[in-house]
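Per chain, numbering begins at 1; letters A, B, ... match sequence-line order.
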Amino acid sequence: MRLSRYFLPVLKETPSEAQIVSHRYMLRAGMIKQAAAGIYSWLPLGFRVLKNIERIVHEEQQRAGHIPMLMPTLQSADLWRESGRYDDYGEEMLRITDRHGRDMLYGPTNEELITDIFRSHVGSYKDLPLTLYHIQWKFRDEIRPRFGVMRGREFYMKDGYNFDVDQASAIHAYNRHMVSYLRTYERMGLQAIPMRADSGPIGGEDTHEFLVLADTGESEVFYDSAITDLKMGDRAVDYDNWDDCAAIVREWTAPYARTDETHDAAVFAEVPQERQRRSRGIEVGQIFYFGTKYSEAMGARVVNDKGERVPVHMGSHGIGVSRLVGAIIEASHDDKGIIWPEGVTPFHCGIVNLRQGDEAADAACEALYASLKALGLEPLYDDRDERAGGKFATMDLIGLPWRITVGPRGLKNGVVELTSRRSGVSEEMTPEMAVERIAEVYAHHHRAAHAQPMPQRAFHTWI
RNA sequence: CGGGGCGUAGCGCAGCCUGGUAGCGCGGCGGUUUUGGGAACCGUAGGUCGUAGGUUCGAAUCCUAUCGCCCCGACCA
């Protein structure tokens, strides 16, 4: 993309309403524009990040054998009356009446809809296990929306639902989700720690929240520092293997890690003193096993191998996609702006032409731009007629992890400058070498590297 | 919903107390000189002062109502 033809309304000054760093930078970098309290338009740059996060979520869900679909934002109140939540959910649910006087609602979540779909079409244990998910806008009428997209009223969320014939296989689904979530967050350059949580209005017996450590987090968290040393890395995971998944879950749940809701000072005291950590965290996901809570209320039953009709065991799982945009910024920024992890960056690298209009500089930039595009990478070429300082400031603010700086001075010696946004380190090298280096950096983040679904599959519905 | 605050040009703000017909910085547009970390100068456009009523010869300013937004709290992906 050429910046001169893009829409990137950056702000030099911080809008007064923004209190926390992610909100400030999202506004200043031209990522969002507030439409109403807790409701935002996603401008082109923000939209690219949102879509990158969404893409990673999709890839990791499908890798784990989960099936994408899409349910509507508006729902009929009838199903919610059936589950009993029409009254339980309270003021946070946005209720709407259509022209015929029918009670509708803007969905805060989708357990009712998915259960209705399930009971209409699935009747036998032979159709299980089944995990369906979608990524869709939700609305929760927060009393006080704040912190930009971190606590909006309208938000983009992946929610998935697993259906299993009995508790044991439902627990495996739970474990499988924890593993896939760990991978998902790691690919975004985040460390999200699973912490034992309260179930809240969703209900359930077993649940973990995933928290990103950040000073501005809304939850107080207590953990054993051993957990932050854990990495999924490149390890091969067989999502069909109950023991493998359970082992990884044990690895991540053995060290103490809880939010203030479930914190137990006595248990925490058993963690060696030097490993006790107390911090703040941003919740970016949660997984639940809730047994037969909805299936019993709504009559979602299957016939098991003994010919008995039994309520299906369910779980649900959510990832706050729009919130993650803010959470990543909270976890990765400095005083100049955002520092995007390679996995989610809106553009793979920036090209800064220090002397727009200079024949050699223009030509070198065009060549770099073409080479990067040819490799399937998307550079952002700052070809505006701006001074160097302004271009650098913009690049630093919008946080592209890599920058190639091109100027007449370097070109005289046949070199350009490659700069890491994170470390600030600059190296001079030929343009060809810079392209090669960028390509290497992104080799692991390419879509192709993640598009392979699990090789062995137990899910009958998987393509 | 309780407490606090704010709505004046695209953004950040002053003016309000003590009414007299709107200003500053940044940004925009045109031009000249510049050009390796947010340049300088000249020119120029842009506002029914959130909205509605009231008081007054006269309201951004005083009064009333209303809408919106932000912050703290309870609540929450």
Taking atom types as modelled, is there a side-chain donor on [X] or [Y] under 3.5 Å from an acceptor on the other?
X	Y	result
R153(A)	Y106(A)	no
T405(A)	R403(A)	yes
D88(A)	Y86(A)	no

Please find the pair of heavy atoms, one from A214(A) and one from I282(A), that lie closest to each other, and give the distance.
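Heavy-atom minimum between the residues: CB-CD1, 3.7 Å.
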
Record whether the side chain of [X] comes under 3.5 Å of the base of [N] through a donor-acceptor pair of N or O atoms.
X	N	result
E417(A)	rG36(B)	yes
R403(A)	rG37(B)	yes
R146(A)	rG73(B)	no

NA contact type, A36(A), heavy-atom cut-off 4.0 Å: base, sugar-phosphate, or nothing?
sugar-phosphate

What's E92(A) touching, base or sugar-phosphate or nothing? Going by heavy atoms closer than 4.0 Å.
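E92(A): backbone/sugar contact only, no base atoms under 4.0 Å.
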
Selection from [options] that lies nearest to any side-chain heavy atom of [X]:
X	options	result
Q34(A)	rG73(B), rC69(B), rC13(B)	rC69(B)
K12(A)	rG38(B), rG73(B), rG36(B)	rG38(B)
I143(A)	rG38(B), rC11(B), rG73(B)	rG73(B)
Q19(A)	rG73(B), rG36(B), rC70(B)	rC70(B)

Just how far, in rounded Å, is P of rG36(B) from CZ of R355(A)?
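To the nearest whole Å, that distance equals 7 Å.
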
Return the 5'-most residue of the pair Y40(A), G285(A) with respect to RNA chain B, ranking by each residue's nearest nucleotide.
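Closest to the 5' end, via its nearest nucleotide, is Y40(A).
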
